[in-house]
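All chains are named by letter (A, B, ...) in the order of the sequence lines, taking the proteins before the strands, and each is independently numbered beginning at 1.
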Amino acid sequence: MNNRKTALIITFIMVISSIPLGAGRSLNRIKKSIEESFYTGTETDGMSLNGDLNSKIDYANNLATVAENSLSGDNTLINLYICIDALKNADSISDKNKANDDLTDCVDALYNKLMEKDISDRDLKNTESLYAGLKSRNNTIAYEAKAYNSNVVDFNAKLSGFPGVLAKTLGLVKPAELFEEGKH
Amino acid sequence: MIEKTEKSVIPIYSIGVTWLLWAVLLPMYSLLWLLLAGAVSVAVYFITSKIFPGEKILVPSEINIEKSGDSLADSIIEKGKSFIQELNSLNAEIESIDITKNISDITEASHNIFDFISKNPKNARQINTFIDYYYPTLIKLLNTYVELCAQDAKGDNIKTTLGKIEHTVEEVVPVFHKQLDNLFEDKALDISTDISVMKSILKSEGLGGAE
């Protein structure tokens, strides 16, 4: 340890190993903050992608309740319940992304089916209102996703340059997931 | 023996520690951060170099004496090299600064003596006594000194003997310088003869100045 040559070798190893470790640690920190913004929002307006998805689940549940009056036991309604559960139980961002796309399809299918049915005026009014609310949620989600995805693209670009690429190659950090509607 | 500064390894390790601390506490995801970490570690290296400059140590000087071509002189030179090496080894084992300095003086004078012999092999006989008596006796004394120093409990006998050896080594230093000076006696005589002759010629030709 007191030998200069040994000291140089040990120091070289310390410096070389600190680069991927440090890069991995600081990149994971950035990634965590981006992923947290999925749940807390990219701005301080209290809006977030996850909040919008939860709101969409509420609308879809209400729509299912209305649909029970005329489509009880129908496959389209059962599918909607499955889609709602899938989005509720999705853990990762990519799972939420896929479940959200599926829910949009299930809602559209149920809405079309309800429009074909002879439903009461009250149900029709509620269905139109809830469907409009769901569409509005989709717009908000698209807006929120734009800001979130911009941060993800910036982060993933860091993994292509040095030293990010080193940390990525060593498996110390993984790319962040985009939230792209309609891609699944 | 020559004095050398053995640099501390702490400044080298400080570079590695700086990088590790940076990796744990500060961002390191771009080249800019890496350059900054590099610059800071260099600054830390220079600061720790000032705080821990290293220690001064005595190392044996290189024994670089060429052969003369004369068999007697060369055999004396070989013996001399071996004595110098042995003195250097013993000196490295001794901690007392005073005796270490005296041994260094002796090895330096010895180096000059054997260097003179290599250039003036006809003077080899002049240092026979040195080779046959002074060096072996000095090495014997120093071996005893090292042996006594290694004793954990130093009684009166050991302390007295150590003191005597230190005193003897101190006394023997001028002898080596004197021996070196004696070797130049012939040269001094030649030069003084040349000077006398030159002065006589200058005087006979009316060119000489004041006596």
Need one label for [X]: side chain, backbone, both or neither, based on atoms under 4.5 Å from any heavy atom in chain A.
X       : value
B:Leu21 : neither
B:Leu26 : backbone
B:Ser8  : backbone

So which of B:Thr18, B:Val17, B:Leu20 has the largest heavy-atom pair count under 4.5 angstrom toward chain A? B:Leu20

Donor-acceptor under 3.5 Å ([X] side chain, [Y] main chain):
X        : Y        : result
A:Ser129 : A:Lys125 : no
A:Ser150 : A:Lys146 : no
B:Thr107 : B:Ile84  : no

Please list, in residue-number order, every residue in residues 30-46 of chain B that has a heavy atom less than 4.5 Å from any heavy atom of chain A; write 'none' if there are none. B:Ser30, B:Leu31, B:Leu34, B:Tyr45

With respect to B:Pro121, which candidate in B:Asp74, B:Asp70, B:Ile77, B:Leu72 satisfies the side-chain contact (heavy atoms from CB on, under 4.5 Å) definition? B:Asp70

Please confirm whether B:Phe130 and B:Phe176 have ring centers closer than 6.0 angstrom. yes

How about A:Tyr148 and A:Phe179: are their ring centroids closer than 6.0 Å? no

If you count heavy atoms of other groups shown closer than 6.0 angstrom to CD of B:Glu185, is the number above 12? no

Pair A:Asp154 + A:Lys158, salt bridge at N-O below 4.0 Å: no

[X], part contacting chain B, at a heavy-atom distance under 4.5 Å:
X       : answer
A:Arg25 : side chain
A:Leu8  : both
A:Ile30 : side chain

With B:Phe83, the ring pair (Phe, Tyr, Trp, His ring centres under 6.0 Å) member among B:Tyr133, B:Tyr135, B:Phe114: B:Tyr135

Take A:Lys56 and A:Thr104, measure what side-chain hydrogen bond (donor to acceptor under 3.5 Å, both in side chains) needs, and give me the verdict at the end. CA-CA 9 Å; A:Lys56 194 172 169 177; A:Thr104 303; 2.7 Å; yes

Under 4.5 Å, counting heavy-atom pairs only, tell me which of A:Asn3, A:Ile19, A:Leu21 racks up the most with chain B. A:Ile19

